[in-house]
*Asks:* 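Take a look at this one; I'll ask things after.
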Amino acid sequence: MPPLIILGFMLMRFVPSHQQFPRPCATREALRAKECCPPWAGDGSPCGASSGRGSCGDVEPPEKPHGPQYPFSGVDDREQWPLVFYNRTCQCAGNFMGFDCADCKFGYSGPTCQERRESLRRNVFHLSRAERARLLAYLNLAKQTVSADYVVATGTYAQMENGSRPMFADVSVYDVFVWIHYYVSRAALLGAPGDVWTDADFAHWAPAFLPWHRVYLLHWEREIRRLSGDADFSIPYWDWRDARGCDVCTDELMGARGGPDPALLSPGSVFSSWRVLCSRAQDYNDGGVLCDATQEGPLRRNPGGHNRNLTERLPTSAEVEFTLGLTDYDAGAMDRSANMSFRNTMEGFGDPRTGLGSSSRRYMHAAVHVFMNGSMSSVQGSANDPIFLLHHAFVDSIYEEWLRRHRPSPSQYPESNAPIGHNGGYHMVPFLPLHRNREFFISSKELGYEYSHLLDANQRLAESMRPYLEALRDAWPWLLLAGLSGGVVAAGTAAALLTAKRRCRGSPWLHGEKWKDLFARTEREPLILSGDGNDEEAGHRNYRTAM
C-alpha cells in the first residue's frame with residue numbers, strides 16, 4: 001500500500017464513528033434520566049435545537065398488538081425499543097438525522113442536507129483491482145479502529161441496576177455492527193441462568209427481516225465513508241446465483257482456505273488475523289448473560305463442508321426467479337410457517353420451488369449462511385465474517401427487484417399481529433437514531449442508492465467493462481513506452497538494413513545467375529519439409545489445434 005494511504009489511515013483512526021449506544025447516552029445520568037438527547041457539536045444545543053436541526057422529544061411507542069409467538073411482557077430490554085433505556089430522544093427536523101441530528105437522511109448530503117445523491121452498489125467481480133484493495137483496507141481499518149462515539153451494552157438494564165451501574169464496552173467500528181446483529185437476534189433472558197426464550201428475534205423470521213437489514217447496511221456504509229474519508233464508497237455485492245462454490249473466497253477478496261485446517265483462513269488474507277466476538281450463543285444462554293464483547297477466537301469458514309441434509313447447494317437463478325414471482329410480501333402468521341410469502345421464501349424458510357413454509361431444509365438467504373459452515377452459520381455471530389456484507393447486499397438487491405416489479409402499496413407491510421418487533425410502527429432494535437420498519441418498505445432510489453445489475457442493458461454492459469477499461473487506462477503509459485521502444489528498434493533495424501544494402505550493392509549475389517538460381521530453388525521447395533506425403537495435412541491439423 002502506498003505510504004500516503006497508510007499515513008492517511010493512521011490519521012483517520014481518530015475520526016468519530018456513529019452507531020449504537022451513543023457514548024453521551026451511556027452514562028449513569030443519562031440512563032437514570034432515561035434521556036438520549038446529546039448536544040450537536042455545531043452549536044452546543046441538545047439535538048441542534050438552536051439551529052433548527054431537531055429537538056428533544058418523547059418516544060412514541062408502537063401501539064398495535066404483536067403476534068402470539070412471544071407470550072411475555074416486560075421481561076426483555078428490546079420490547080417497545082428503546083423505552084427500557086430512553087423515553088426521550090432527538091426528534092430531527094427535515095432531512096436531518098442522527099442520535100444528535102448531526103447527519104443527513106439516507107440519500108441526502110450537504111451542510112443543510114438538501115442535496116440529493118445516489119450511489120451505485122456494484123458486483124464485487126466488477127470492481128477494479130484498486131477498488132478491491134480499498135475494500136479490504138477499509139474493512140480492516142474498521143476492524144482495527146475503536147469506535148469513538150459508540151459503546152455496546154454488556155448487561156441488561158436490570159443487571160445495570162436500572163441504570164445506576166452502566167455496563168458498556170469499547171469495541172471497533174466493525175465490531176459495533178457485529179454486536180448489533182448479535183443483540184437483535186439473541187434469545188430473551190427471562191431471569192435465571194439457562195432460562196431463555198429462543199423464539200424471539202427482532203430482525204429475522206418475520207416481516208422486518210428485509211427492511212432491518214437494509215438499514216443495517218446503510219448505516220455500515222455510512223460508517224466506512226466517514227472513517228475512510230471516501231464519500232463515494234459503496235458496499236459491493238456477491239451474486240451467488242448458480243455458483244458452485246465460494247468464488248469470493250480468495251486472498252484477493254474475502255480470504256482463501258488456511259491449509260491443514262480447512263476451517264481457518266489463509267495467512268495470505270488480511271482476515272486471517274481477525275478475532276470474532278458474540279459467537280457463543282449457548283454459553284450466554286446457559287449463563288443468563290449477554291455477550292461481554294471480548295474476543296473469542298479466529299474467524300472460521302469452511303464453504304461446502306456443511307450438512308447436505310440441511311442445504312444442498314447455493315441458490316440457483318431459477319429459485320431466485322420463483323421467489324421474485326411471489327406477489328405477497330408476507331402471509332399467514334408472518335413467521336417461518338408463512339406460505340407463498342416473498343419474505344419467508346427469500347429468507348430461506350419457504351421452499352423456492354413450491355412457496356410452502358416451515359421447510360425442513362434451508363434455501364435462498366439461509367442456504368448461503370449454512371453453506372459457509374463457520375462463523376456465518378450462526379445467526380448471532382454471522383456478521384463476524386465480512387462475506388456477510390456482500391451476501392446481504394445481494395439479498396437487498398433481490399428485495400429491491402421485488403419492490404420494483406410488484407410496486408406494493410404501503411399497506412402490504414403489516415401494522416399489527418406480526419411477531420414482536422416486526423409491526424410497521426415498531427422501532428428497529430437496537431438503532432439510535434430510531435427507525436420504524438415501514439419506513440424502509442420503499443425503493444432504494446428513495447434512499448439514495450442503486451444496484452448495477454438492476455440498471456438497463458447498456459449501463460450493465462458498461463459496468464461489466466469498467467474494470468477492464470480501468471486496467472487498460474492504468475497500463476497505457478507502459479504500452480506507450482513499449483510502442484516507442486519498438487519504434488526505436490524498428491528504425492534502427494531499417495537503418496542497418498539500408499547500410500548493408502549500400503555496402504553490398506556491387507556484390508555478384510545481387511545480380512546475375514547466382515541470385516536467380518537461388519530464388520528458383522526456394523520457390524520450388526515445399527513450405528513444410530518433412531518425411532511423408534501426409535505432412536502437409538498434418539501441418540494444417542496442428543495449426544487448427546493451436547488456434
Side-chain angles (χ1 to χ4, degrees), residues 19-21 25-26 28 30-32 34 36 59 61-62 65-87 150-171 175-206 208-209 212 216 276-296 335-336 375 377-384 418-423 426-432:
Q19 206 33 62
Q20 203 275 335
F21 277 80
C25 302
R28 182 179 183 277
L31 291 169
R32 296 292 291 167
K34 296 178 75 72
C36 183
V59 175
H66 59 74
Q69 296 88 348
Y70 184 77
F72 308 102
S73 179
V75 301
D76 191 285
D77 292 348
R78 300 167 297 179
E79 296 175 24
Q80 295 193 318
W81 180 260
L83 292 184
V84 168
F85 290 99
Y86 313 108
N87 54 31
Y150 279 88
V151 290
V152 300
T154 58
T156 66
Y157 194 71
Q159 289 167 344
M160 295 184 197
E161 299 174 2
N162 298 327
S164 297
R165 188 169 65 92
M167 297 173 65
F168 297 97
D170 289 328
V171 295
D175 286 338
V176 167
F177 286 88
V178 173
W179 179 88
I180 286 173
H181 198 264
Y182 150 77
Y183 189 81
V184 76
S185 57
R186 66 173 175 82
L189 307 180
L190 303 181
D195 188 11
V196 300
W197 185 260
T198 58
D199 194 18
D201 193 311
F202 289 72
H204 300 85
W205 312 338
F209 166 67
W212 188 93
Y216 180 93
V276 304
L277 67 156
C278 299
S279 65
R280 297 175 179 169
Q282 191 58 52
D283 291 349
Y284 315 141
N285 292 347
D286 291 344
V289 297
L290 297 185
C291 158
D292 64 4
T294 58
Q295 294 182 352
E296 296 174 343
D335 56 18
R336 285 169 285 186
S375 301
S377 60
S378 158
V379 175
Q380 295 176 22
S382 56
N384 278 292
I420 188 168
H422 291 262
N423 286 343
Y426 217 100
H427 291 120
M428 293 180 176
V429 177
F431 290 108
L432 288 169

*Asks:* With side chains defined as the heavy atoms from C-beta onward, is the minimum distance between His427 and Val59 less than 4.5 Å?
*Replies:*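 A side-chain contact under 4.5 Å exists here.
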*Asks:* What is the minimum heavy-atom distance between Pro62 and Gln80, and which atoms define it?
*Replies:*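 Looking at all heavy atoms of both residues, the closest pair is O-NE2, 3.5 Å.
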*Asks:* Between the side chain of Glu296 and the main-chain N/O of Val276, is any donor-acceptor distance below 3.5 Å?
*Replies:* no
*Asks:* If you define the side chain from C-beta out and look only at heavy atoms, does anything of Val152 sit under 4.5 Å from Asp175?
*Replies:*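 Result no, sub-4.5 Å side-chain heavy-atom pair not found.
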*Asks:* A side-chain contact here means heavy atoms from C-beta on lying under 4.5 Å apart; do Glu79 and Ser73 qualify?
*Replies:* yes
*Asks:* Indicate yes or no: does Arg280 engage Asp286 in a salt bridge with an N to O separation below 4.0 Å.
*Replies:*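 Salt bridge: no.
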*Asks:* Between the main-chain N or O of Ser375 and the side-chain N or O of Ser378, is there a donor-acceptor pair closer than 3.5 Å?
*Replies:* no
*Asks:* Does Asp195 use its side chain to pair, donor to acceptor, with the backbone of Gly288 at less than 3.5 Å?
*Replies:* no
*Asks:* For the pair Arg28 (side chain) and Pro166 (backbone), establish whether a donor and an acceptor sit closer than 3.5 Å, ignoring hydrogens and angles.
*Replies:* no
*Asks:* Could you tell me if the ring centre of Tyr182 sits under 6.0 Å from that of Tyr284?
*Replies:* yes
*Asks:* What residue among Asp201, Asp76, Asp283 forms salt bridge (charged side-chain N to carboxylate O under 4.0 Å, His left out) with Arg186?
*Replies:* Asp76
*Asks:* Do the side chain of Trp81 and the main chain of Phe431 share a donor and acceptor less than 3.5 angstrom apart?
*Replies:* yes
*Asks:* With Phe72, which residues qualify under ring-ring contact (aromatic ring centres under 6.0 Å, His included), at least two apart?
*Replies:* Tyr70, Trp197
*Asks:* For a quick test of reading the model, state the closest non-hydrogen atom pair linking His66 to Pro419 and the distance between them.
*Replies:* CB-C, 4.2 Å
*Asks:* Does Tyr86 use its side chain to pair, donor to acceptor, with the backbone of Leu31 at less than 3.5 Å?
*Replies:* no
*Asks:* How would you list, by chain and number, every residue that makes a side-chain contact (heavy atoms from CB on, under 4.5 Å) with Asp170, sequence neighbours excluded?
*Replies:*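 Partners of Asp170 under the side-chain contact (heavy atoms from CB on, under 4.5 Å) test: Arg23, Val146, Val151.
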*Asks:* I'd like to know if the side chain of Asp335 reaches the main chain of Trp205, judged simply by a donor and an acceptor atom lying under 3.5 Å from each other, with no hydrogens or angles considered.
*Replies:* no
*Asks:* When the ring planes of Trp212 and His204 are compared, do they come out parallel, tilted or perpendicular, using 30° and 60° as the limits?
*Replies:*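 Judged by the thresholds at 30° and 60°, the geometry between Trp212 and His204 is tilted.
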*Asks:* Please check if the side chain of Asp77 supplies one atom and the backbone of Tyr157 the other of a donor-acceptor pair under 3.5 Å.
*Replies:*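 Yes, the answer is positive, given that a donor and an acceptor are paired below the 3.5 Å cut-off.
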*Asks:* A side-chain contact here means heavy atoms from C-beta on lying under 4.5 Å apart; do Arg78 and Val84 qualify?
*Replies:*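 No, every pair of side-chain atoms sits at 4.5 Å or beyond.
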*Asks:* What I'd like to find out is whether the side chain of Val171 reaches to under 4.5 Å of the side chain of Val176, using heavy atoms alone.
*Replies:*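 Side-chain contact under 4.5 Å: yes.
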*Asks:* Could you measure the distance from the CG atom of Leu290 to the SG atom of Cys278? Nearest 0.5 Å is fine.
*Replies:* 9.0 Å
*Asks:* Are the side chains of Pro430 and Phe202 in touch, meaning some heavy atoms are under 4.5 Å apart?
*Replies:* no
*Asks:* Quick one: closest heavy-atom pair of Met160 and Met167, and the distance?
*Replies:*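 It is CE-O, 3.3 Å.
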*Asks:* Nearest 0.5 Å please: distance from the CG atom of Leu277 over to the CH2 atom of Trp179.
*Replies:*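 Nearest 0.5 Å value for the CG-CH2 distance: 11.0 Å.
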*Asks:* Roughly how far, to the nearest 0.5 Å, is NZ of Lys34 from CG of Leu83?
*Replies:*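 So the gap between those two atoms works out to 7.5 Å.
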